[in-house]
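Here the structure is laid out as structure tokens; the discussion comes afterwards.
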Amino acid sequence: QVQLVESGGGLVQAGDSLRLSCAASGRTFSNYHMAWIRQAPGKEREFVATIRWSGRSTYYADSVKGRFTISRDNAKNTVYLQMNSLDPEDTAVYYCAAAYFDKPPMDLRSYVYWGQGTQVTVSS
């Protein structure tokens, strides 16, 4: 089992920045791809960003490229999402999720461990 706890969400204005953190415990963190996935009201969950177990490869949704940065610190068992130039369209619950390294990192079904989510609200 992997336990994931997100933090850092909140209410901000358009153009502001936030940094989300996700602390992992339970299994060897470096064995897992990590992802930030968000869900807005009435919409399906969507990948925001992923980072491979090694940290050598990342993926960003087109809507956040150039604004968001995913990173991980395997020594601290933590993954981060730095969000800049926030837009009201970024309003959602943001989930941290983990997929074992031998699973495809861009398949939502690979992510079997999820945090409880943290709310990000961006006002215009």
Side-chain angles (χ1 to χ4, degrees):
Q1 290 284 342
V2 176
Q3 292 78 43
L4 302 171
V5 179
E6 302 100 334
S7 60
L11 171 62
V12 296
Q13 293 187 331
D16 285 351
S17 298
L18 277 176
R19 188 173 86 152
L20 305 183
S21 299
C22 173
S25 61
R27 293 286 180 95
T28 304
F29 179 69
S30 59
N31 284 347
Y32 292 85
H33 305 310
M34 299 300 297
W36 288 97
I37 296 158
R38 68 186 180 187
Q39 187 166 25
K43 295 186 178 180
E44 294 187 354
R45 289 183 176 182
E46 63 169 346
F47 277 111
V48 175
T50 67
I51 186 166
R52 286 183 180 263
W53 64 273
S54 63
R56 294 177 182 173
S57 179
T58 57
Y59 158 85
Y60 296 94
D62 287 342
S63 58
V64 306
K65 278 181 183 176
R67 300 188 298 123
F68 291 11
T69 303
I70 188 171
S71 60
R72 66 189 297 162
D73 185 337
N74 285 348
K76 294 183 177 180
N77 291 351
T78 302
V79 62
Y80 306 96
L81 184 68
Q82 178 67 43
M83 305 186 294
N84 299 328
S85 301
L86 282 161
D87 184 272
E89 291 293 313
D90 296 317
T91 295
V93 177
Y94 284 70
Y95 297 92
C96 170
Y100 200 59
F101 75 94
D102 66 349
K103 302 298 183 185
M106 293 309 301
D107 187 340
L108 203 59
R109 295 169 297 180
S110 297
Y111 292 86
V112 294
Y113 300 112
W114 293 71
Q116 81 288 353
T118 186
Q119 177 71 46
V120 172
T121 303
V122 185
S123 63
S124 58

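Hydrogens, waters and symmetry mates play no part in the numbers below; they use all other heavy atoms, side chains included. The structure displayed is predicted, hence computed values, not measured ones.
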Is the distance between the ring centroids of Tyr32 and Tyr111 under 6.0 Å? no
Less than 6.0 Å separating the ring centroids of Phe68 and Tyr60? no
Look at the side-chain heavy atoms of Ile, Leu, Val, Met, Phe, Trp and Tyr, link any pair under 4.5 Å apart, and say whether Tyr113 and Val48 land in one connected group. yes
For Arg67, is there an ion pair with Asp87 - N to carboxylate O distance below 4.0 angstrom? no
State, with a plain yes or no, whether a side-chain heavy atom of Arg45 is found less than 4.5 Å away from one of Trp114. yes
Using modelled atom types and a 3.5 Å cut-off, is there a donor and acceptor pairing between side-chain atoms of His33 and backbone atoms of Ala99? no
Indicate, with yes or no, if Met106 and Val64 share a hydrophobic cluster defined by side-chain heavy-atom contacts under 4.5 Å among Ile, Leu, Val, Met, Phe, Trp and Tyr. no
Can you tell me how far NZ of Lys103 sits from OG of Ser110, rounded to the nearest 0.5 angstrom? 7.0 Å
Rounding to 0.5 Å, atoms CD (Gln116) and CD (Gln3) come to a distance of 12.0 Å
Please report the closest heavy-atom contact between Val79 and Ser71, naming both atoms and the distance. CG2-O, 3.1 Å
Could you pull out the closest heavy-atom pair between Gln82 and Ser17, with the gap in Å? NE2-CB, 4.0 Å
Lys/Arg cation over aromatic Trp53: Arg72, 6.0 Å, 45° cone: no
Can you find a pair of side-chain heavy atoms, one from Tyr94 and one from Met83, that are under 4.5 Å apart? yes
Of the non-hydrogen atoms in Trp36 and Glu6, which two are nearest, and what is the gap between them? CZ3-CG, 3.8 Å
For Pro88 and Ser123 the tightest heavy-atom approach is CG-C, 4.3 Å
Any chain of hydrophobic side-chain contacts (each under 4.5 Å) joining Val122 to Ile37? no
Kindly work out whether a path of hydrophobic side-chain contacts (I/L/V/M/F/W/Y, heavy atoms less than 4.5 Å apart) joins Phe29 to Leu4. yes
Less than 3.5 Å apart, any donor N or O on the side chain of Thr121 or Gln119 sitting next to an acceptor on the other? yes
Report the C-alpha separation of Arg38 and Val93 in whole Å, then their side-chain angles, then the decisive distance to 0.1 Å, and conclude whether the side chain to side chain contact (heavy atoms under 4.5 Å, CB included) test is met. CA-CA 5 Å; Arg38 68 186 180 187; Val93 177; over 6 Å; no
Nearest 0.5 Å, what's the CD-CG distance between Glu44 and Leu108? 9.5 Å
Atom pair CG/CG of Asp16 and Asp90 - distance to nearest 0.5 Å: 11.5 Å
Which residue pairs pass the disulfide bond (SG atoms under 2.5 Å apart) test with at least one member in residues 7-55, sequence neighbours excluded? Cys22-Cys96
Could you state the interatomic distance from OG1 (Thr118) to CG (Leu81), rounded to the nearest 0.5 Å? 11.0 Å
Ignoring hydrogens, what is the shortest heavy-atom contact between Ala35 and Thr50? Give both atom names and the distance. CB-CG2, 3.7 Å
How far apart are the closest heavy atoms of Phe47 and Asp107, and which atoms are they? CZ-C, 4.0 Å
Can you get from Val120 to Tyr80 by hopping between Ile, Leu, Val, Met, Phe, Trp and Tyr side chains that sit under 4.5 Å apart? no
Between CD of Glu46 and OG of Ser63, what distance do you get to the nearest 0.5 Å? 5.5 Å
Please check if the side chain of Thr28 supplies one atom and the backbone of Ser30 the other of a donor-acceptor pair under 3.5 Å. no
